[in-house]
2 protein chains.
Amino acid sequence: MKTEPPRTERRADALSKQRIVEAAIEILDADGETALTFRALAARLATGSGAIYWHVADKGELLAAATDEIVARVMTGIVPEVEPRAAIRAIALGVFDAIDAHPWVGAQLTREPWRPALLLVFEGIGGRLQTLGVPERAQFDAASTLLSYVIGVGGQNAAHARMARDEERTDRSAFLGEVADRWSALSASGYPFLRHVAAQMRDHDDREQFLAGVDLIMAGIAAIQ
Amino acid sequence: MKTEPPRTERRADALSKQRIVEAAIEILDADGETALTFRALAARLATGSGAIYWHVADKGELLAAATDEIVARVMTGIVPEVEPRAAIRAIALGVFDAIDAHPWVGAQLTREPWRPALLLVFEGIGGRLQTLGVPERAQFDAASTLLSYVIGVGGQNAAHARMARDEERTDRSAFLGEVADRWSALSASGYPFLRHVAAQMRDHDDREQFLAGVDLIMAGIAAIQ
DNA sequence: ACCTGAACACCGTTCAAGT
DNA sequence: ACCTGAACACCGTTCAAGT
């Protein structure tokens, strides 16, 4: 899979998988998943749509490569020497913020687990659980639980971003308010809990709630030891 | 939105949203998400593809309605009077098993949260946390954490099922074995944790690991009180 | 009110032909 | 080796026309 460096000088703007992936990320960030088509990508790269297939197998590989790129950037930014609990929080927050900035990543992570992108995250979390002294038996389950949670929140965040784009709700609080309104309107007998937390839904901060979940799971891991 | 009962007798096989959704579920279960097209659906219902639009707004509503149907069936099966901790486990397992039987549901739940389907699950979990005595402040965060975890695992399960279908791996253990092999082949310096748990990956049971995660989160909820 | 099915505006992907 | 762009086989969705 490793591509040889080209023998002859290439035009500065020659195609390459790297350039294609970067252009794809720009389109995805600017206009969302539906905007990424091979025709749009070819136009942006000033080439034919078929040329892209010389460097990338298909659209799936393109999306996977773009996701790996974003997640790799996140993991590069994690300082390695910090206290394990703080490191796990930092990794989780890094993924959360990356999905916040690139919502399409959230959808992609749920679609394609066990890719390089997620292996980096899984290794980062699992390694810290080891140094934290989590018993052998529990390490795998604990790391999987944290990863699944991070992916789950990421997918929901991606969905929120998609909805905010589709309807032209500019801000997040308007969206939360709408959901809260809908919960308040549910039947009192069928949905007492949702009616009860509707007010909290309206005012809560997604990022803080995400962290609260990470802490909850970490508390569970500590309790099991 | 409530449709009036028809004044005149209808042909027994007349179209209706219910019949369309049932046919969609059959196609999704039999041949996966890519097989659900309006043409295939129209053929199965012996009608024109445009007719479906009289009963359903678009493909998104069709998928959402199919998902609501499956999740509603699950929630109907939950016995209401059991001990709250057991009830939460039962709800989580119910969703897990439903996604196992209908992998497309897992993908859909990550794509469209806050639909009737998920509200039922969220209410079921949150209500039990209330009766469990989880403090006011923590109920919303705890229920959200559990829901996000369930959705995250569901999305991954859906991805596994998709991969098993695409390549013709019949059984799950073959898939786990392949992942384990890939983990074992990673660099010892970069991925010590993944190499360490590769053997557990090969032999683990997805369902048991899912339950272990639920228990971990429940332990964290208990620890916080 | 409900259904038909051709037509429209797109897709991802392929491939003969070029350089 | 790499690129071009027309062509193919599909999609979701619309809509004039039927009953």
Side-chain angles (χ1 to χ4, degrees), chain A residues 1-24 27-28 31-67 104 107-108 111-112 162 166, chain B residues 1-24 27-28 31-67 104 107-108 111-112 162 166:
Chain A
M1 268 305 157
K2 196 161 288 178
T3 54
E4 307 281 337
R7 318 256 165 139
T8 63
E9 271 313 303
R10 302 275 301 280
R11 290 147 54 213
D13 64 337
L15 272 186
S16 68
K17 182 165 177 181
Q18 181 59 29
R19 276 196 69 230
I20 293 170
V21 168
E22 273 163 19
I27 292 174
L28 287 163
D31 299 306
E33 299 170 64
T34 56
L36 181 65
T37 68
F38 277 77
R39 283 165 178 81
L41 195 52
R44 174 177 278 257
L45 291 164
T47 185
S49 59
I52 297 165
Y53 283 91
W54 186 262
H55 302 274
V56 168
D58 55 23
K59 193 170 183 181
E61 189 194 322
L62 180 59
L63 279 165
T67 303
W104 51 274
Q108 194 56 27
R111 237 185 298 282
E112 299 252 298
R162 219 177 301 121
D166 289 352
Chain B
M1 268 303 159
K2 197 161 288 180
T3 52
E4 305 282 336
R7 320 256 165 140
T8 62
E9 271 311 304
R10 301 275 300 281
R11 287 150 54 214
D13 64 339
L15 271 186
S16 68
K17 183 165 177 181
Q18 182 58 28
R19 274 196 72 229
I20 293 170
V21 168
E22 273 163 21
I27 292 174
L28 288 163
D31 299 307
E33 298 170 66
T34 56
L36 181 64
T37 68
F38 277 76
R39 282 165 179 81
L41 196 52
R44 173 177 280 258
L45 291 164
T47 183
S49 58
I52 297 166
Y53 283 90
W54 186 262
H55 302 274
V56 166
D58 55 23
K59 192 170 183 180
E61 189 194 323
L62 180 58
L63 279 165
T67 303
W104 51 273
Q108 194 55 27
R111 240 186 298 282
E112 299 251 298
R162 220 178 300 122
D166 289 352

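Since this is a predicted model, take the numbers as computed values, not measurements. Residue numbers begin at 1 in each chain, while the letters A, B, ... track the order of the sequences. These values consider heavy atoms only, across backbone and side chains, with no hydrogens, waters or symmetry-generated copies.
- A distance-only check finds no donor-acceptor pair linking the side chain of A/Arg39 to the backbone of A/Ser49 [under 3.5 Å].
- For A/Lys59 and C/dT13, the NZ to P distance is 8 Å, given to the nearest whole Å.
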Seminar exercise, completed: Taking Watson-Crick and G-U wobble contacts under 3.5 angstrom, with | marking pairs to another strand and [ ] crossing pairs, the secondary structure of DNA chain D is written ||.|||||...|||||.||
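- You'll find that the side chain of B/Leu15 is closest to C/dC3, out of C/dC3, D/dC3, C/dG12.
- Within the 4.0 Å cut-off from OP1 or OP2 of D/dC3, at least one side-chain nitrogen or oxygen of A/His55 is found.
- Atom CD1 of B/Ile52 is separated from atom C1' of C/dG5 by 12 Å (rounded to the nearest Å).
- A heavy-atom distance below 4.5 Å is found between the side chains of A/Ile27 and A/Arg44.
- Here the C1' atom of nucleotide D/dG12 and the CG atom of B/Leu62 are 12 Å apart, to the nearest Å.
- The separation between A/Leu36 atom CG and C/dG12 atom P is 7 Å, rounded to whole Å.
- Under a 4.0 Å N-O distance rule, the pair B/Arg111/A/Glu33 does not qualify as a salt bridge.
- B/His55 has its side chain within reach of B/Leu15: a pair of non-hydrogen atoms, C-beta onward, lies under 4.5 Å apart.
- When each of A/Gly50 and A/Thr34 is assigned the nucleotide of DNA chain C with its nearest heavy atom, A/Thr34 is the one assigned upstream, toward the 5' end.
- Side-chain atoms of A/Asp58 come within 3.5 Å of backbone N or O of A/Glu61 as a donor-acceptor pair.
- Among the nucleotides D/dC2, C/dT13, D/dT13, the one closest to the side chain of A/Trp54 is D/dC2.
- A straight line from CZ of B/Phe38 to C1' of D/dT14 spans 12 Å, rounded to a whole angstrom.
- Among the nucleotides C/dC3, C/dT14, D/dA1, the one closest to any side-chain atom of A/Ser49 is C/dT14.
- Among the nucleotides C/dA1, C/dA7, D/dT14, the one closest to the side chain of B/Arg39 is C/dA7.
- Residue A/Ile52 holds its CD1 atom at 5.5 Å from CD1 of A/Ile20, rounded to the nearest 0.5 Å.
- Closest to the side chain of A/Ala14, from the set C/dG12, D/dC3, D/dC11, is D/dC3.
- Counting only heavy atoms from C-beta on, A/Ala51 has its side chain closest to D/dC3 among D/dT13, C/dG12, D/dC3.
- The CG atom of A/Leu45 sits 16 Å away from the P atom of D/dC2 (whole-angstrom rounding).
- Rounded to whole Å, the distance from CD on B/Glu33 to P on D/dC10 is 20 Å.
- When the nucleotides D/dG12, D/dT14, C/dT13 are ranked by their closest atom to the side chain of A/Asp58, C/dT13 comes out on top.
- Within 4.0 Å of A/Leu41, counting heavy atoms only, lies no atom of the nucleic acid at all.
- For the pair B/Gln108 and B/Ala64, the tightest heavy-atom approach, listed with the atom from each and the gap, is NE2-N, 4.0 Å.
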